[in-house]
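First comes the structure, then the notes that go with it.
What's counted below: heavy atoms across the whole structure, side chains too, no hydrogens, waters or symmetry copies.
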Amino acid sequence: EFPACPDVFADESDAFSWLESDIPDDPEQLDAMRVLFEAMYGEEAVRMAQKSGDPEYLRRSTIVTWIVLTTRYWSQVVSKPPEPD
């Protein structure tokens, strides 16, 4: 049997704190994630969720941000093409 997965949506979850601390602190990548969430949910909805501190939105956006920014695929998506010689 596999051990139980931590409930990363629980307030007392150390796993969620770990995810938050493991997200790269790159303003360009974080801004790209903001644009992605605004495209998915709408700019006003994202602004309201962030302003109100909606815990469900904050947790879900943190998990998605962690998944996207810690995969090799993401670095290929946001990398800039080489400058022509």
Side-chain angles (χ1 to χ4, degrees):
E1 266 185 55
F2 291 104
C5 294
D7 180 3
V8 295
F9 291 101
D11 290 334
E12 67 279 354
S13 173
D14 288 335
F16 184 73
S17 297
W18 180 83
L19 289 179
E20 285 183 309
S21 68
D22 196 47
I23 292 175
D25 191 23
D26 181 333
E28 186 175 309
Q29 288 183 336
L30 295 175
D31 189 51
M33 290 304 299
R34 181 189 52 78
V35 170
L36 173 66
F37 289 125
E38 288 175 354
M40 289 176 13
Y41 297 110
E43 189 175 329
E44 186 64 24
V46 169
R47 189 178 6 252
M48 288 175 52
Q50 290 174 334
K51 185 176 180 181
S52 69
D54 178 2
E56 183 175 337
Y57 170 80
L58 296 174
R59 285 186 179 93
R60 290 179 186 273
S61 64
T62 297
I63 290 167
V64 170
T65 299
W66 182 83
I67 290 169
V68 171
L69 295 184
T70 59
T71 62
R72 295 180 75 191
Y73 174 75
W74 178 254
S75 64
Q76 294 170 5
V77 170
V78 298
S79 65
K80 297 177 183 170
E83 293 291 324
D85 292 332

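- Nearest approach of Pro24 to Thr70, heavy atoms of both residues: CD-CG2, 4.4 Å.
- Proximity of Ile23 to Gln29: side-chain heavy atoms (C-beta onward) are nowhere separated by under 4.5 Å.
- With a 4.5 Å cut-off on side-chain heavy atoms, Leu36 and Thr65 do not count as touching.
- Nearest heavy-atom pair across Val46 and Tyr57 is CG1-OH, 3.3 Å.
- Within a 6.0 Å radius of CE in Met40, more than 12 heavy atoms belonging to other residues, nucleotides or ligands are found.
- Note on Val35: it does not cluster hydrophobically with Tyr41, by side-chain heavy-atom contacts below 4.5 Å among ILVMFWY residues.
- Under the side chain to side chain donor-acceptor pair (under 3.5 Å) criterion, Glu38 pairs with Arg34, sequence neighbours left out.
- Here Ser61 contributes atom OG and Trp66 contributes atom CH2; the two are 15.0 Å apart, rounded to the nearest 0.5 Å.
- Linking Ile, Leu, Val, Met, Phe, Trp and Tyr residues whenever their side-chain heavy atoms come within less than 4.5 Å leaves Leu58 and Met48 in two separate clusters.
- The list of salt bridge (charged side-chain N to carboxylate O under 4.0 Å, His left out) pairs with a residue in residues 16-27, not counting sequence neighbours, is empty.
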